[in-house]
Amino acid sequence: MISPVIVVHGGAWDIPNELVKGHLKGCREAALKGMEILKRGGKALDAVESSVNSMEDNDVFDAGVGSFLNAEGEVEMDAIIMDGGTLEFGAVAAVKNIKNPISLARAVMEKTEHVMLVGEGANKFAVKIGFKTCRTEDLIVRRELERFKEIKKKLKFETREVFTDEHLGTVGAVAMDLNGNLAAGTSTGGVPNKMPGRVGDTAIVGCGAYADNCSGAVSTTGWGESIMKVTLAKTTCMFLEEGFNAQEAAEKAVKHLEKRVGGYGGVIVVDSKGNIGLAYNTPRMAYAYIDGEGKLHLGV
Ligand code: GLY
């Protein structure tokens with residue numbers, strides 16, 4: 001019999017001690033939400049969406065409410081969701097005024113003949129299907145407004161700083177359901193002070209997430225510009241296909257990110273047998289997982 005498994009992450013960066021509790025709580029809640037669905041016989045895809053929604057709604061994380069502001073003080077978000085059974089996926093990039101971008105990504109997958117919609121087109125699609133929208137102010141929290149003002153005072157700001165300094169993290173989840181199907185999903189507000197229209201790794205298939213029942217499901221977090229160069233999620237799956245176990249594949253992928261392009265980030269993995277792996281090269285990565293024995297693990 002197959003045991004359901006879920007892993008979530010709340011971003012890879014230098015999480016300061018005072019924020020550890022909030023991250024662990026948010027990851028725990030998200031993992032439990034997903035597992036509730038899996039235990040009832042629900043699909044991995046539903047579990048992943050529910051876990052990610054929980055973190056998008058939690059302003060501790062850089063996704064949905066609480067997202068970073070771009071250089072113009074706007075919130076533009078990216079998200080992807082992928083079904084490991086069919087390789088169907090849906091993605092949205094640079095969307096505004098949406099509280100749960102991963103659910104819009106799923107609608108792209110299920111209600112259009114496309115796999116990715118960006119910017120204005122994605123927002124028009126949301127309106128067309130009656131997807132709930134919100135005001136920009138509903139996504140902005142005081143902490144991010146303050147950060148925006150501080151950044152604007154600086155003469156120079158480099159994205160690289162984000163992952164070795166005090167910032168927030170992208171969120172993601174991977175799961176295996178009772179039928180052995182895998183799914184992966186990732187959602188983010190991107191990086192602070194990004195140029196309007198900047199799209200990171202998150203919404204790009206094989207970079208921010210990948211799921212294939214033949215290898216595994218992977219969600220990534222970190223510095224998008226570096227993650228895209230090594231297609232981190234698909235590279236992790238490639239290591240699984242080569243016979244490395246879930247933990248080895250995660251470690252090898254992050255090492256490759258670091259060595260090849262000097263990148264920063266982390267990955268969470270569930271392989272096709274339900275084995276779990278995770279690795280990161282940032283000071284910390286917030287995560288939670290519930291293994292095949294039903295045991296909850298938390299970490300930063
Ligand atoms: N990994 C999130 C981003 O760079 O947009």
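Start at 1 and go down the list; that is how both ligands and their atoms are numbered. All residue numbers in this chain count up from 1 along the given sequence.
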*Counting both backbone and side chain atoms, is some N or O of G224 under 3.5 Å from an N or O of ligand 1?*
yes
*Would you mind listing which atoms of ligand 1 come within a distance below 4.0 Å of any non-hydrogen atom of G222?*
1 (N), 2 (C), 3 (C), 4 (O)
*Given that the side chain starts at C-beta and the backbone is N, CA, C, O, which of these parts of R198 lies under 4.0 Å from ligand 1, counting heavy atoms, or is it both or neither?*
side chain
_Before we go on, tell me: are the rings of H297 and Y289 under 6.0 Å apart, centre to centre?_
yes
*Spell out, as yes or no, whether a donor-acceptor pair under 3.5 Å connects the side chain of D78 to the backbone of V95.*
no
*Please say which of E72, E76, E225 ends up in a salt bridge (Lys or Arg N to Asp or Glu O under 4.0 Å) with R198.*
E225
*Just do the side chain to side chain donor-acceptor pair (under 3.5 Å) check on N213 and N181 with the steps written out, would you?*
CA-CA 6 Å; N213 284 3; N181 278 315; 2.6 Å; yes
*From the options D201, T186, T202, select the one residue that forms a side-chain hydrogen bond (donor to acceptor under 3.5 Å, both in side chains) with T220.*
D201
*D201 neighbourhood, listing ligand 1 atoms whose heavy-atom distance to it stays under 4.0 Å*: 1 (N), 2 (C), 3 (C), 4 (O), 5 (O)
*Go through ligand 1 atom by atom and flag the ones less than 4.0 Å from a non-hydrogen atom of T170.*
1 (N), 2 (C)
*Subset of ligand 1 atoms that lie under 4.0 Å from at least one heavy atom of T202*: 1 (N), 2 (C)
*Which is it for T231 and M238 under the side chain to side chain contact (heavy atoms under 4.5 Å, CB included) test, yes or no, and what are the steps along the way?*
CA-CA 10 Å; T231 56; M238 182 195 76; over 6 Å; no
*Check each atom of ligand 1 against the heavy atoms of G190 and keep those under 4.0 Å away; list them by number with element.*
5 (O)
